[in-house]
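Just follow the structure's listing: the first ligand is 1, and inside any ligand the first atom is 1. Values in this document were obtained by computation on a predicted structure and should not be read as measured data.
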Amino acid sequence: MQKLHQEISVRTLKAGITLLQVSLKKGSFRLSADGEFFSGVHLLTGRVGSGKTSLGELLTGIITPDSGSIIQENCRRVMLLQDTSYHVSTITVREEAASWHGDEKRIIALSGLFGKEETDIFALSRGELKRLELAAILTGRYDLIVLDEPYAGLDKDARKWVNRIIAGCNNKVIILISHDITSLPPVDFLWEMDNGTLTCIGKVPECLIGWSRAPPLIRFLLNNGSYPKGLARLDLEEAVCRIHA
Ligand SMILES: Nc1ncnc2c1ncn2[C@@H]1O[C@H](COP(=O)(O)OP(=O)(O)OP(=O)(O)O)[C@@H](O)[C@H]1O
């Protein structure tokens, strides 16, 4: 009985979001989407203008579909990061970190801004500001996080840092919209947006073999019989080394 209770508690804590026959029209562009996003890291890829940003906005409720349903389960706290969206509301780094209502000290330490607490927020570099924002989002108590091109403006080390934090996030739905597949955290599910139509490619790494629009690096690996164990950078490097071994 106790085990059953525990199982129910764990299940009810898991966040998820379901799209049922969702459609959206923006001028001549049409988006249609069906699918379920469970806890874990989801990578959404697709060409420029294919509708990824619109899907992120639909998932987080920034815009509503023209028809269909979006059902959120245990997604009480939802966050969307867009490259252009950061709004500074305070003066110092400490105040800005505190404005996120999370663990202010942890946010400052994680973002590498220890010692800069009283610095004017406008004196930070673009990269530092982005790290502060990402640290606040990824350590915050969000159930659903959509990161639209989170690597934009970040250097190699900062990208690795983002991936380490994402890898440590549990029980959240994290949807990563990125055209850059060379610097990713461990990804659980792969999705593709093609000319407004959302397709679930499947669970990583099993689905990689059937990824018809796989980027050149993945295609090269598969064509050489070296199947990556995942999409994280280390997995890709390991697969490349297997070819040359
Ligand atoms: N307000 C609007 N009115 C008309 N068309 C729009 C509007 N906003 C976006 N679009 C069109 O909708 C399509 C999808 O845009 P969206 O930004 O979702 O794509 P995307 O895949 O995120 O592209 P990108 O990678 O460039 O951000 C594009 O063809 C875009 O031109």
Side-chain angles (χ1 to χ4, degrees), residues 17-37 40-72 75 78-87 126-127 129-131 133-134 137-138 142 144-156 158-159 162-163 166 172-185 187-202 204 207-208 210-219 231-233 236:
I17 185 159
T18 305
L19 308 183
L20 293 173
Q21 297 184 352
V22 165
S23 75
L24 175 79
K25 197 168 177 305
K26 279 185 176 180
S28 60
F29 173 77
R30 283 176 183 278
L31 181 150
S32 58
D34 274 280
E36 282 179 292
F37 292 82
V41 180
H42 300 254
L43 173 68
L44 173 62
T45 67
R47 293 203 178 115
V48 168
S50 58
K52 305 179 298 299
T53 294
S54 303
L55 186 77
E57 290 175 345
L58 282 166
L59 287 165
T60 49
I62 302 291
I63 55 175
T64 49
D66 297 325
S67 62
S69 320
I70 300 179
I71 303 154
Q72 293 184 345
C75 289
V78 172
M79 174 56 67
L80 169 67
L81 170 92
Q82 287 180 322
D83 195 31
T84 49
S85 65
Y86 197 64
H87 175 74
R126 219 171 127 72
L129 194 55
K130 186 82 174 269
R131 282 174 80 125
E133 183 183 17
L134 280 163
I137 291 174
L138 292 167
Y142 299 106
L144 167 65
I145 300 174
V146 177
L147 301 174
D148 192 347
E149 300 293 351
Y151 304 109
L154 294 181
D155 62 19
K156 205 171 99 200
R159 288 166 183 229
V162 174
N163 292 341
I166 292 178
K172 295 176 193 282
V173 181
I174 298 185
I175 300 168
L176 193 55
I177 301 175
S178 180
H179 66 273
D180 180 358
I181 66 127
T182 57
S183 174
L184 292 172
V187 167
D188 300 302
F189 301 96
L190 180 60
W191 298 78
E192 199 166 59
M193 185 61 92
D194 180 23
N195 200 19
T197 302
L198 178 69
T199 304
C200 181
I201 308 290
V204 177
C207 71
L208 296 179
W211 190 7
S212 59
R213 289 172 192 268
L217 174 58
I218 303 289
R219 236 176 295 141
L231 286 173
R233 189 177 179 88
L236 298 181

Ligand 1 versus E149, non-hydrogen atoms closer than 4.0 Å: side chain, backbone, both, neither? neither
How far is [atom] from the closest protein heavy atom, and which atom is that?
{"atom": "atom 25 (O) of ligand 1", "answer": "K52 NZ, 3.1 Å"}
{"atom": "atom 14 (C) of ligand 1", "answer": "G49 O, 3.5 Å"}
{"atom": "atom 7 (C) of ligand 1", "answer": "K26 CD, 3.7 Å"}
{"atom": "atom 17 (O) of ligand 1", "answer": "T53 CB, 3.6 Å"}

Can you name the atoms of ligand 1, numbered from 1 with element, that are less than 4.0 Å from a heavy atom of R47? 21 (O)
Below 4.0 angstrom from a heavy atom of V48, which ligand 1 atoms are there? Numbered from 1 as shown, please. 23 (O), 25 (O), 26 (O)
Where does the angle between the aromatic ring planes of H42 and W191 fall among parallel (under 30°), tilted (30 to 60°) and perpendicular (over 60°)? tilted
Which atom names give the shortest non-hydrogen contact between G56 and T60, and what distance separates them? O-OG1, 2.7 Å
Shortest non-hydrogen contact between P150 and L134, atoms and distance: O-CD1, 4.1 Å
Run the side-chain contact (heavy atoms from CB on, under 4.5 Å) test on I70 and I17 for me, step by step, so that the C-alpha distance in whole Å, both residues' side-chain angles and the decisive distance to 0.1 Å come before the verdict. CA-CA 7 Å; I70 300 179; I17 185 159; 3.7 Å; yes
Drop me the distance from N163's CG to L176's CG, to the nearest 0.5 angstrom. 7.5 Å
d(L31 CG, K26 NZ) to nearest 0.5 Å is 8.5 Å
Check contact between H179 and ligand 1, using heavy atoms of the residue and a distance below 4.0 angstrom. no
Between K52 (side chain) and L44 (backbone), is there a donor-acceptor pair under 3.5 Å? no
Before signing off on this row, confirm whether F29 and ligand 1 have an N or O atom pair separated by under 3.5 Å. no
Measure from atom 27 (O) of ligand 1 to the protein's non-hydrogen atoms and state whether any distance is below 4.0 Å. yes
Please tell me if atom 30 (C) of ligand 1 is touched by the protein, where touching means a protein heavy-atom distance below 4.0 Å. no
Among G46, G51, G27, which one puts a heavy atom closest to atom 19 (O) of ligand 1? G51
Any idea which of S28, G196, S54, G56 brings a heavy atom closest to atom 15 (O) of ligand 1? S54
Verdict with supporting geometry, L19 and D34, side-chain contact (heavy atoms from CB on, under 4.5 Å): CA-CA 5 Å; L19 308 183; D34 274 280; 5.6 Å; no
pair L55-V22: side-chain heavy atoms closer than 4.5 Å: no
